[in-house]
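Below: one structure, written as structure tokens.
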Amino acid sequence: MKNETSIKYFYLLPFSGETRSKPFITAFFFLIYVVGVLINSSIITVICLEVQLHKPMYLFICNLSIVDIFYTSVTVPKLLHMLLSGNHIVSSAQCYTQLYFFSASTMVEEILFFVMAYDRYVAICNPLHYHRILSYRNCSLITIGIWTVAFLNSVVYVTSILNMSSCHSNVIHQFFCDPKSLTKTTCRTSQLFIAVTFFEILILAFIPFVCTFISYFQIFSVISKMKTKESRKKSFSTCSSHITIITIYYGAGVIGYLIPPYSEVLDIIFDTVYSNIIPMINPIIYSLQNSNIQSALMRLIREMCFLEKVSTPGSK
């Protein structure tokens with residue numbers, strides 16, 4: 001029989017035994033974090049300042065950049081603090097708070113991917129009613145609804161984990177407090193946790209994925225029936241970046257489910273890609289494949305360079 005207790009502290013040991021590699025690991029995560037925040041912030045700034053980008057598609061792209069910054073900010077700063085200070089002790093309150101915001105970020109991103117697919121579906125398959133269906137009011141309500149549902153769901157999810165007693169080691173071989181690692185410290189799974197997990201997988205993960213797939217099936221069906229090559233190319237270019245991102249996201253998710261339960265090294269690699277690499281490359285993909293964002297970014301850079309030149313003492 002194992003004693004059921006409540007753990008007050010956790011020890012996060014993601015790279016134990018890798019003392020020589022810690023400077024490289026620290027620099028690697030710092031670089032990913034800075035690059036990701038800078039690029040995502042640039043996308044947000046451009047969309048907010050450029051009037052021609054005040055459209056539903058770019059509103060959702062802006063929200064994606066916000067949640068990507070949120071994603072990395074939940075995990076990386078604490079990891080860098082642990083690597084630099086050597087203090088790997090995390091209180092249970094800090095751990096579950098991190099889990100709360102990480103779960104909310106994950107949920108926002110998954111629902112947002114579906115909404116972005118629906119946006120492309122309406123634009124290509126039902127263009128005459130696009131501005132009526134995705135009006136400014138409707139898009140605002142959708143955005144508020146996504147964030148509200150995600151944060152409320154995260155409350156229930158974290159509460160279901162808190163209700164499970166702990167009886168295993170409080171050492172977590174991961175660089176943040178993820179659900180998989182925390183459930184390993186519990187004695188048994190509660191009925192509430194099973195119900196909440198089932199709800200999340202079915203309603204907030206599987207159904208949005210299926211709807212996204214159906215949306216793009218309809219989109220490709222309409223594109224294939226277009227008469228000219230130019231019109232097909234133009235229509236496909238408006239959704240190619242989103243297709244690339246959801247392919248990477250769900251592809252990484254499938255690989256994550258295939259990882260053996262006790263493969264800690266593979267878990268760390270997967271979570272690094274899922275929670276740090278993907279949020280960094282999302283805006284890069286959008287900026288490379290979207291001509292409107294490219295031109296807006298270039299105008300912003302030119303204006304900043306011009307203002308810097310004008311403000312420089314002695315400049316003519």
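Residue numbers start at 1 and run along the sequence shown.
- Partners of D178 under the side-chain hydrogen bond (donor to acceptor under 3.5 Å, both in side chains) rule, at least two apart in sequence or in another chain, are S181.
- Y118 pairs by the side-chain hydrogen bond (donor to acceptor under 3.5 Å, both in side chains) definition with nothing, not counting sequence neighbours.
- Residues forming a side-chain contact (heavy atoms from CB on, under 4.5 Å) with T97 (at least two apart in sequence, or on another chain): F101.
- In terms of the side-chain hydrogen bond (donor to acceptor under 3.5 Å, both in side chains) criterion, residue partners of S240 (sequence neighbours excluded) are, by chain and number, Q289.
- Applying the side-chain contact (heavy atoms from CB on, under 4.5 Å) test to T238 and every residue at least two apart in sequence or in another chain returns R120, I124.
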Kindly list each side-chain donor-acceptor pair under 3.5 angstrom involving residues 202-215, sequence neighbours excluded, with atom names and distances?
unit_1: T212; atom_1: OG1; unit_2: P208; atom_2: O; d: 2.7
unit_1: S215; atom_1: OG; unit_2: C211; atom_2: O; d: 2.8

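- Sorted by first and then second residue, the salt bridge (charged side-chain N to carboxylate O under 4.0 Å, His left out) pairs involving residues 66-78 (not counting sequence neighbours) form an empty list.
- For R132, the side-chain contact (heavy atoms from CB on, under 4.5 Å) test picks out H129, with sequence neighbours left out.
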Which atom pairs, one a donor and one an acceptor, fall under 3.5 Å between side chains of residues 43-54 and the rest of the protein, sequence neighbours left out?
unit_1: T45; atom_1: OG1; unit_2: S41; atom_2: O; d: 2.7
unit_1: E50; atom_1: OE2; unit_2: R299; atom_2: NH2; d: 2.8
unit_1: H54; atom_1: NE2; unit_2: I47; atom_2: O; d: 3.1
unit_1: H54; atom_1: NE2; unit_2: C48; atom_2: O; d: 3.0
unit_1: H54; atom_1: NE2; unit_2: E50; atom_2: O; d: 3.4

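- Within the structure, disulfide (SG to SG under 2.5 Å) contacts touching residues 66-121 (residues at least two apart or in different chains) are C95-C177.
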N/O donor-acceptor pairs under 3.5 Å from side chains in residues 150-162, not counting sequence neighbours:
unit_1: N153; atom_1: ND2; unit_2: E200; atom_2: OE2; d: 2.5
unit_1: S154; atom_1: OG; unit_2: Y100; atom_2: O; d: 2.5
unit_1: T159; atom_1: OG1; unit_2: V155; atom_2: O; d: 2.6
unit_1: S160; atom_1: OG; unit_2: Y157; atom_2: O; d: 2.5

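- Among pairs with a residue in residues 88-101, none fulfils salt bridge (charged side-chain N to carboxylate O under 4.0 Å, His left out), at least two apart in sequence or across chains.
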